[in-house]
Amino acid sequence: MNSFREKVYHTVSLIPRGKVAAYGQIASLCGNPLAARAVGWAMRNAPGFLDLPCHRVVNKNGSLAPDYAFGGEQIQREMLIDEGILFKDNGCIDMKSCLWIPEDFTVSEEQGQGLIKK
DNA sequence: CCCCTGACTAATA
DNA sequence: GTATTAGCCAGGG
């Protein structure tokens, strides 16, 4: 089954530790840049055995998913901090430094940071 | 086939 | 900064 959600799961599984991706970004990588909601749907219906780092998938504005997603934004925030994600004082993610860049992510890994861009 | 829901996003006020 | 509207896609009834 090569449905949209298969791609979503695969893409999400590629998110490196210390980085975060937006729903719309995942959708774009799957070929449907306007399917951000479908991505959220896929996450909600994601089988547990896939072990997807869905806590690394956040809203584009830097906010975290609703409470019912991970049992509380507080939980998700701690998980992300534990993985090296930087947060602002207001509790929002520092997208500027932690946003995953698929096209440069391999290079970024070599550099150790994700601020390198072409 | 039609209608509804949803872990989204962008634009607007 | 927040609230609201509208558009988008994939399932389920």
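This one's a predicted model, so the numbers in the text were calculated from it and none came from an experiment. Scope of the values below: all heavy atoms of this structure, side chains included, with no hydrogens, waters or symmetry mates.
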For every nucleotide of nucleotides 5-11 of chain B, 5' to 3': is a protein heavy atom under 4.0 Å from its base (B), only from its sugar-phosphate (S), or from neither (-)?
-BBBSS-

Stepwise, does the side-chain contact (heavy atoms from CB on, under 4.5 Å) test hold for Phe70(A) with His55(A)?
CA-CA 8 Å; Phe70(A) 297 94; His55(A) 53 277; 3.9 Å; yes

Under a 4.5 Å side-chain heavy-atom rule over Ile, Leu, Val, Met, Phe, Trp and Tyr, are Met43(A) and Leu34(A) clustered together?
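The answer is no; the residues belong to distinct hydrophobic clusters.
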
Whole angstroms only, please: what is the CZ-P distance between Phe4(A) and dA10(C)?
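Taking CZ of Phe4(A) and P of dA10(C), I get 7 Å after rounding.
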
Least distance between heavy atoms, Trp100(A) atom then Pro16(A) atom
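Scanning both residues completely, I find the closest heavy atoms to be NE1-CD, 3.4 Å.
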
Sort and list the pairs that fulfil salt bridge (charged side-chain N to carboxylate O under 4.0 Å, His left out) and have at least one residue in residues 46-57 of chain A, not counting sequence neighbours.
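The answer is Arg56(A)-Glu83(A).
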
Suppose we screen for side-chain hydrogen bond (donor to acceptor under 3.5 Å, both in side chains). Which residues come up paired with Ser63(A), at least two apart in sequence or across chains?
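side-chain hydrogen bond (donor to acceptor under 3.5 Å, both in side chains) list for Ser63(A), sorted by chain: Asn61(A).
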
